[in-house]
Undergrad: 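Quick one: this structure, given as structure tokens, is what I'll be asking you about.
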Amino acid sequence: MTSPTPTRATPRQATSAVAYTSDLPEEDDPLLAFTPYLHKRPRRNSITPDLQRRFVATLAATGIVVQAARSIGKSMEALYKLRKLPGAEGFAAAWDEAVEYGVWRLEDCATERALAEGLSNPRANSLLCFILAYRGQYREDMRRIVPGHPLYENIRDEVLAEEGLV
């Protein structure tokens, strides 16, 4: 698979759709190991398993759903419709995980930019403060995850279910 690249003569002119692309996941990446939706009666314009995997890979690399849709030549409407179909749960889960990859990458790019511009640019400091606050609100202090904590109990229930003890 090829990664989308800026088409402008000068890279700084790239639009947000291609400005911060990373490498596509390798073909053996667990992200792409999902069970794709199989059309009962495929047509020539169906979103095939290969296209589903290319979409997820591009989404993970760019973090932008529109860019990923364009990369496989399909509309957003068709992809969202496919995502909702019974039997497309694997595709939907991979989509969600790819969005997370993209968000992490975008956060890293924003943090890198804010740190590079440093004290000379107040907007860079504002961006860095925003990112750190945003990341912090979802962070759990491992010392507080003890019996009785909702996260502890959820993990405990999952482990016991997997062991067949519940």
Side-chain angles (χ1 to χ4, degrees), residues 1-114 116 123-124 126-140 150-151 154-155 157-158 161-162:
M1 291 184 232
T2 60
S3 179
T5 55
T7 57
R8 309 274 176 137
T10 306
R12 66 177 160 55
Q13 294 176 326
T15 64
S16 62
V18 293
Y20 298 108
T21 59
S22 66
D23 294 331
L24 293 174
E26 298 293 324
E27 290 191 23
D28 62 347
D29 190 299
L31 174 66
L32 304 178
F34 66 92
T35 303
Y37 178 80
L38 298 175
H39 295 274
K40 293 176 179 65
R41 294 175 20 214
R43 300 181 314 206
R44 68 179 172 81
N45 67 341
S46 293
I47 303 173
T48 64
D50 181 53
L51 289 177
Q52 292 172 50
R53 285 195 173 85
R54 281 184 30 215
F55 169 80
V56 168
T58 304
L59 183 56
T62 64
I64 302 168
V65 178
V66 172
Q67 179 69 22
R70 284 186 194 135
S71 76
I72 64 167
K74 299 297 177 184
S75 70
M76 296 290 295
E77 294 79 12
L79 286 158
Y80 277 106
K81 190 182 291 186
L82 173 66
R83 179 186 167 94
K84 291 180 183 177
L85 291 175
E89 294 83 8
F91 173 64
W95 177 328
D96 292 341
E97 190 171 350
V99 167
E100 286 296 315
Y101 280 31
V103 168
W104 293 334
R105 190 185 46 67
L106 291 171
E107 286 179 352
D108 289 344
C109 289
T111 302
E112 180 181 11
R113 178 178 160 211
R123 293 185 73 203
S126 298
L127 176 63
L128 184 57
C129 289
F130 172 77
I131 291 167
L132 293 174
Y134 176 78
R135 281 185 171 179
Q137 74 185 19
Y138 296 105
R139 187 169 287 133
E140 279 288 347
L151 183 57
N154 286 341
I155 294 170
D157 292 344
E158 287 178 21
E162 285 178 12

Undergrad: So do Phe91 and Leu79 actually touch side chain to side chain, heavy atoms under 4.5 Å?
TA: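 Sidechains of Phe91 and Leu79: in contact.
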Undergrad: State, to 0.1 Å, how close Pro25 and Ala57 come at their nearest heavy-atom pair, and which atoms those are.
TA: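 Answer, listing the atom of Pro25 first, then Ala57: CD-O, 3.4 Å.
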Undergrad: According to ring pair (Phe, Tyr, Trp, His ring centres under 6.0 Å), who are the partners of Tyr37, at least two apart in sequence or on a separate chain?
TA: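 Applying ring pair (Phe, Tyr, Trp, His ring centres under 6.0 Å) to Tyr37 gives His39.
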Undergrad: Who pairs with Asp96 by salt bridge (charged side-chain N to carboxylate O under 4.0 Å, His left out), at least two apart in sequence or on another chain?
TA: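 For Asp96 the salt bridge (charged side-chain N to carboxylate O under 4.0 Å, His left out) partners, ignoring immediate neighbours, are Arg83.
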Undergrad: Locate the shortest heavy-atom distance separating Leu31 from Ala98; write the atom from each residue and the value.
TA: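 Heavy atoms only, the tightest pair is CD1-N, 3.9 Å.
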Undergrad: So that I know where these two stand, are Phe55 and Trp95 an aromatic pair - ring centroids less than 6.0 Å apart?
TA: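 Here the rings of Trp95 and Phe55 have centres that are less than 6.0 Å from each other.
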Undergrad: Which heavy atom in Leu32 sits nearest to a heavy atom in Arg53, and how many Å separate them?
TA: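 Answer, listing the atom of Leu32 first, then Arg53: O-NE, 2.7 Å.
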Undergrad: Nearest 0.5 angstrom please: Arg54 CZ to Ile47 CD1, how far?
TA: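 It comes to 11.5 Å.
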Undergrad: Looking at every non-hydrogen atom in both residues, tell me the closest pair between Gly90 and Phe34 and how far apart they are.
TA: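 It is O-CB, 3.5 Å.
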Undergrad: Is there a side chain to side chain contact (heavy atoms under 4.5 Å, CB included) between Leu59 and Gln67? Walk through the geometry before answering.
TA: CA-CA 7 Å; Leu59 183 56; Gln67 179 69 22; over 6 Å; no
Undergrad: Less than 4.5 Å apart, side chain to side chain, heavy atoms only: is that true for Thr48 and Pro42?
TA: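 SC-SC contact between Thr48 and Pro42 ruled out.
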Undergrad: Might you work through the side chain to side chain contact (heavy atoms under 4.5 Å, CB included) test for Ile72 and Asp50, ending with a clear yes or no?
TA: CA-CA 10 Å; Ile72 64 167; Asp50 181 53; over 6 Å; no
Undergrad: Can you name the nearest heavy-atom pair linking Arg105 to Ala61, along with the distance?
TA: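 Closest approach of Arg105 to Ala61, heavy atoms only: NE-O, 2.9 Å.
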Undergrad: Inspect the surroundings of CD in Glu100 and state if more than 12 heavy atoms from other residues, nucleotides or ligands are less than 6.0 Å away.
TA: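 Result for CD/Glu100: enclosed.
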Undergrad: Using a 3.5 Å distance criterion without hydrogens, assess whether the side chain of Lys74 forms a donor-acceptor pair with backbone atoms of Asn45.
TA: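 Pair found, side chain donor or acceptor close to backbone of Asn45.
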Undergrad: Would the distance check show the side chain of Thr62 and the main-chain N or O of Ile64 forming a donor-acceptor pair, the cut-off being under 3.5 Å?
TA: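 Checking the backbone N and O of Ile64 against the side chain of Thr62, a donor-acceptor pair under 3.5 Å is found.
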Undergrad: Is there a side chain to side chain contact (heavy atoms under 4.5 Å, CB included) between Arg70 and Thr58 once you walk through the steps?
TA: CA-CA 10 Å; Arg70 284 186 194 135; Thr58 304; over 6 Å; no
Undergrad: On a heavy-atom basis, which atom in Ala69 and which in Met76 lie closest, and how many Å separate them?
TA: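 Scanning both residues, the minimum pair turns out to be CB-SD, 3.8 Å.
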